[in-house]
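Take a look at the structure below.
Source: prediction; values computed, not measured. Both backbone and side-chain heavy atoms feed into the values below; hydrogens, waters and symmetry mates do not.
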Amino acid sequence: MIESLGAGFGLVFNLNAVTALLVGTIIGYVVGAIPGLTSSIALAVIIPFTFKMDPVAAIVLMTSIYMASEYSGAIPAILANAPGTPAAAPTAFDGYPMRLRGEAGNALTLSILGSGFGALLGTIFLILSAMWIAKVALVFGPPEYFSLAVLGLSLVGVLSTGLFLKGFIGLLFGLLLASIGLDPISGNPRFEITTAFLEGIPLLPALIGLFALSEVFYMLETAHKKAPEMTEIPKISMSFGLFRGMGFTLNRSAIIGYAVGVVPGAGATIAALTSYAEEKRSSKNPETYGKGNPKGVVAAETANNSAVAGALAPLLTLGIPGSASTAIMIGALMIHGIRPGPMLFVDQPFFPYAIFASMLCGIPVMVLLGLFGVRLWVKVTLIPTGILAVVVAAICVLGAYSNESTMYPVWIMIAFGIGGYLMRKVDVHPAPVVLALVLGEMMETNFRRALMGQGGDPMVFLTAPISAVLLTLAVLVVFAPFLRTLWGRKFGTPKTADILDE
């Protein structure tokens with residue numbers, strides 16, 4: 001393995017590959033920082049430009065775009081509550097409140113360092129265990145995917161703020177929205193108020209509306225308030241001091257991100273939500289999350305970048321895309337005459353290790369560019385609130401329109417923006433709605449497929465070992481807060497009980 005990795009570095013250390021790495025990182029930063037543009041869009045657009053490139057340089061370019069765009073979505077999430085990518089939505093939960101406190105520099109620094117750590121540890125996991133973990137993911141069938149979705153939805157109590165009931169209502173509302181469109185099994189239309197609804201609710205415009213446009217309304221409402229004074233931005237040499245006391249958060253988030261990323265179809269968004277929820281659940285002060293807790297930013301960003309490496313594991317070893325972006329990369333690889341799968345490590349072992357080497361080389365470039373750019377990014381906070389609101393609104397419209405180049409996503413974005421603003425007024429966090437939109441179709445589709453495959457026998461979810469374990473974990477996640485509350489009352493720890501009752 002060491003010999004193959006050394007050969008991979010030899011292929012990457014040439015002018016074409018290094019240039020592709022730098023260009024890809026810059027493109028990724030630009031794409032991720034614009035709400036509405038995703039790594040999938042960037043990779044689809046860049047493929048024609050790689051036709052005459054060396055295969056190694058081409059995959060280095062695409063991998064760099066993929067990694068950098070997953071991080072840079074955190075920049076608008078922190079500065080304007082407008083996630084540049086769906087996976088950056090959990091970053092906004094605490095990143096934007098930190099910005100409102102004048103701590104935008106700290107939030108951005110933590111986000112890029114967390115992203116770099118997650119990408120590094122994820123890459124190491126990929127090198128050491130890609131074959132083994134991908135084989136485990138291959139045994140996932142409909143029962144396991146359904147149970148995985150249920151486990152994700154069970155995090156509603158952790159992700160919501162305030163009363164559990166409010167979070168549960170948001171979850172049900174999100175599941176209702178997720179059911180709009182064609183039935184995934186029979187193809188029958190559901191809730192088709194207009195023909196545009198046949199394709200369902202597009203996720204990205206909904207996220208832009210819930211987080212960014214709703215914040216625009218709030219910014220206009222509070223434009224007369226004086227902005228908080230900015231804290232001093234840490235020097236690059238002092239940046240790592242912000243990580244003091246976060247070692248466990250970093251390692252756990254990286255592991256969660258990689259493990260979720262390996263599961264085909266899960267992706268960075270679910271990884272970030274899961275990591276954030278676990279960080280909040282295990283905290284002694286869960287009430288601080290959603291109000292500017294730095295660990296929330298680190299947990300989300302570390303996981304979503306670790307998931308990038310995880311998504312490459314099934315791509316390289318099994319030829320199965322772990323995300324939408326890696327699905328595009330499969331097509332690009334095949335265009336260059338490279339067929340991902342188990343034989344790739346036998347027939348062309350240099351190639352996957354060249355990808356590993358490019359990731360290890362690209363991480364320092366991504367982190368340094370992010371650290372040097374912090375002072376530029378925070379200039380946004382000096383813009384008057386009214387002007388910033390107009391700019392963010394324009395970016396929202398542009399981002400939603402670019403999703404399909406039609407007005408339908410724009411109307412969806414506006415509707416969700418109004419809904420997100422009203423939810424904010426009644427103290428209902430949008431996270432449960434996002435969770436349902438992400439996992440709703442996955443849960444329904446695999447639930448029905450599992451029952452169809454077993455003649456309608458619901459015991460299939462309990463007889464499948466992995467499914468049974470996931471469902472057990474879901475039950476524990478749901479009832480753990482109540483059990484901890486009873487424990488606190490019984491043994492005289494009212495502080496914990498009060499926190500959980502909130």
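- Residues satisfying the ring pair (Phe, Tyr, Trp, His ring centres under 6.0 Å) criterion with Y96, sequence neighbours excluded, are absent altogether.
- Judged purely by distance below 3.5 Å, without hydrogens or angles, the side chains of T249 and E279 pair a donor atom with an acceptor atom.
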I would like to know whether Y145 and F447 meet ring pair (Phe, Tyr, Trp, His ring centres under 6.0 Å); could you show each step before the answer?
CA-CA 8 Å; Y145 277 114; F447 175 76; over 10 Å; no
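- For Y421, the side-chain hydrogen bond (donor to acceptor under 3.5 Å, both in side chains) criterion is met by E221, not counting sequence neighbours.
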Kindly determine whether F197 and Y408 satisfy side-chain contact (heavy atoms from CB on, under 4.5 Å), including the steps that lead there.
CA-CA 9 Å; F197 274 16; Y408 170 62; 3.4 Å; yes
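- A donor atom on one side chain and an acceptor atom on the other are not found under 3.5 Å apart for T302 and S253.
- In the model, S111 has no side-chain atom that pairs as donor or acceptor with a side-chain atom of E301 under 3.5 Å.
- With N446 contributing its side chain and F146 its backbone, the two residues share no donor-acceptor pair below 3.5 Å.
- Side-chain contact annotation: S275 with R252, donor-acceptor N/O pair under 3.5 Å absent.
- E441 is linked by a side-chain hydrogen bond (donor to acceptor under 3.5 Å, both in side chains) to nothing, counting only residues two or more places apart in sequence or in another chain.
- Heavy atoms from other residues, nucleotides or ligands lying under 6.0 Å from CE of M452 number 12 at most.
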With salt bridge (Lys or Arg N to Asp or Glu O under 4.0 Å) as the test, would you mind laying out the steps for K280 and D94 before giving the verdict?
CA-CA 11 Å; K280 180 180 177 181; D94 286 284; over 6 Å; no
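- Scanning all heavy atoms of the two residues, the minimum distance from A92 to P97 falls at O-CD, 3.5 Å.
- Salt-bridge formation is not detected for the pair E103/R99: no Lys NZ or Arg NE/NH1/NH2 atom is positioned less than 4.0 Å from an Asp or Glu carboxylate oxygen.
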